[in-house]
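Throughout, protein chains are lettered first and strands after them, A, B, ... in sequence-line order, and every chain is numbered starting at 1.
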There are 2 protein chains.
Amino acid sequence: MSDRGAMLYEVLRHVRPLVLNSARVVEASLRGDGLSVGMRAVLEILAGHGPMTVPDIADRLDLARQGIQRHVNDLIALGCVEPRSNPAHRRSVLIAATPAGSELFARIRTGELDRLGRMAPGCTDEEIATALRVLGALNRDVRAEARSA
Amino acid sequence: MSDRGAMLYEVLRHVRPLVLNSARVVEASLRGDGLSVGMRAVLEILAGHGPMTVPDIADRLDLARQGIQRHVNDLIALGCVEPRSNPAHRRSVLIAATPAGSELFARIRTGELDRLGRMAPGCTDEEIATALRVLGALNRDVRAEARSA
DNA sequence: GCAGACATGACATCATTGTTGTCATGTCTG
DNA sequence: CAGACATGACAACAATGATGTCATGTCTGC
């Protein structure tokens with residue numbers, strides 16, 4: 001039972017259905033606003049870290065820039081996001097959340113936090129913080145393995 | 001900081017790249033055997049819990065039975081899995097891992113455990129166990145929310 | 001028993017999205 | 001200045017989750 005490999009294996013086994021189920025819940029909430037889960041992720045980055053180029057967003061999300069570009073284009077069409085000319089790089093456009101986009105994301109996030117607050121009632125804050133640390137460390141190492149291959 | 005909603009939100013944010021990156025690593029290893037991540041998941045269930053019907057596998061993986069059926073059909077074509085007539089239900093066929101399939105999965109799992117054992121070296125066994133508990137509780141509640149919607 | 005509700009396998013179709021490739025153009029480094 | 005690289009704008013593809021249909025088998029309540 002003290003085999004860390006086996007325990008991390010169990011973590012990964014838990015993580016996949018969690019992503020699927022949470023995506024289903026989030027997607028249901030988003031449907032009314034015309035957003036997808038991917039678009040929501042992009043909007044989250046922009047709302048949280050300010051204007052950024054498409055390749056930078058892709059790096060943060062561990063995805064190819066081409067896929068992010070699609071989400072950005074869709075978000076522009078919705079008016080949630082807008083391109084801004086970059087004074088330093090004529091070719092590299094900055095993407096920024098519009099006021100409408102920021103407000104929309106704030107509303108989405110508030111609703112999600114509301115629901116999440118009622119979940120996992122048997123877990124203490126410390127336990128959740130520990131889980132966060134473990135997930136961070138595991139993802140860092142798995143990510144390194146994925147990029148080296 | 002003691003807002004559990006915000007902390008669980010962070011957990012979900014960590015979980016998505018973890019699934020993506022681990023899938024990339026696992027997929028690279030599986031490519032040589034002609035398996036996909038989905039087929040691997042089905043084989044894992046059968047190797048661990050014995051023969052089972054397609055709908056039962058789907059329930060365990062939180063997926064629709066139609067998708068599982070595709071994976072099962074592919075696994076049958078590879079000889080990793082075989083249908084067995086069910087004495088109790090003529091229509092509901094049991095799917096069982098073949099010796100070749102069991103052996104293949106054992107080999108895959110061994111390799112994965114090997115690599116995982118070297119990851120997240122800064123985390124203790126207790127911390128990983130705590131993470132496991134949190135993920136289990138969170139997924140249980142998220143899953144309930146997904147099914148109620 | 002029987003009838004209707006339900007489960008199952010076998011199709012089929014569709015949308016999302018991650019992946020990969022290409023190309024013209026702009027930027028940066030040596 | 002020249003070659004390497006980054007970026008946006010396509011395009012095409014594959015995996016997979018979602019959904020629907022239908023014939024056939026099973027089960028439940030009457």
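The nearest whole Å value for the distance from the CG atom in A:Asp56 to the P atom in D:dT7 is 7 Å. Between B:Leu75 atom CG and C:dG9 atom C1' there is a gap of 17 Å when expressed in whole angstrom units. Nucleotide D:dT7 holds its P atom 19 Å from the CZ atom of A:Arg84, rounded to whole Å. Look at CZ on B:Arg70: it is 13 Å from P on D:dT19, rounded to the nearest Å. What separates CE of B:Met39 from P of D:dT16 is a distance of 9 Å, to the nearest Å. Look at CG on A:Leu63: it is 13 Å from C1' on C:dT16, rounded to the nearest Å. Look at CD1 on B:Ile68: it is 14 Å from P on C:dT8, rounded to the nearest Å. What separates CG of B:Leu94 from P of C:dT8 is a distance of 11 Å, to the nearest Å.
In this structure C:dG30 sits in a base pair with D:dC1, meeting the Watson-Crick or G-U test at under 3.5 Å. Remark: C:dA7 base-pairs with D:dT24; criterion is Watson-Crick or G-U wobble with both hydrogen-bond distances under 3.5 Å.
Taking for each of B:His71 and B:Ala64 the nucleotide of DNA chain D with the nearest heavy atom, the 5'-most of the two is the partner of B:His71. Of the two residues contacting DNA chain D, namely B:Arg65 and A:Arg16, the nearest-nucleotide position lying further toward the 5' end is that of A:Arg16.
Comment: A:Asp62 engages A:Arg147 in a salt bridge, judged by a side-chain N to carboxylate O separation of less than 4.0 angstrom.
Contacts of B:Gly67 with the nucleic acid, taken as non-hydrogen atoms under 4.0 Å apart, are absent. Across all strands, A:Ser36 comes closer than 4.0 Å only to sugar-phosphate atoms, never to a base (heavy-atom distances).
Screening B:Leu94, B:Ile76, B:Thr53 for a side-chain contact (heavy atoms from CB on, under 4.5 Å) involving B:Pro83 leaves a single residue, B:Ile76.
When distances run from any side-chain atom of A:Gln69 to the nucleotides D:dT19, C:dT8, D:dG8, the shortest one goes to D:dG8. Ranking D:dG17, D:dG8, C:dG18 by closeness to the B:Leu20 side chain, first place goes to C:dG18.
Rounding to the nearest 0.5 angstrom, the gap separating the OG atom in A:Ser29 from the CZ atom in A:Arg107 is 10.5 Å.
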Report the C-alpha separation of B:Val26 and A:Leu12 in whole Å, then their side-chain angles, then the decisive distance to 0.1 Å, and conclude whether the side-chain contact (heavy atoms from CB on, under 4.5 Å) test is met.
CA-CA 11 Å; B:Val26 168; A:Leu12 287 183; 6.0 Å; no
Is there a salt bridge (charged side-chain N to carboxylate O under 4.0 Å, His left out) between B:Arg109 and B:Glu112 once you walk through the steps?
CA-CA 5 Å; B:Arg109 188 182 147 99; B:Glu112 290 176 1; over 6 Å; no
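An OP1 or OP2 oxygen of C:dT19 is reached within less than 4.0 angstrom by a side-chain nitrogen or oxygen of B:Arg24.
Residue side chain B:Gln66 reaches the base of D:dG20 through a donor-acceptor N/O pair under 3.5 Å, judged by distance alone.
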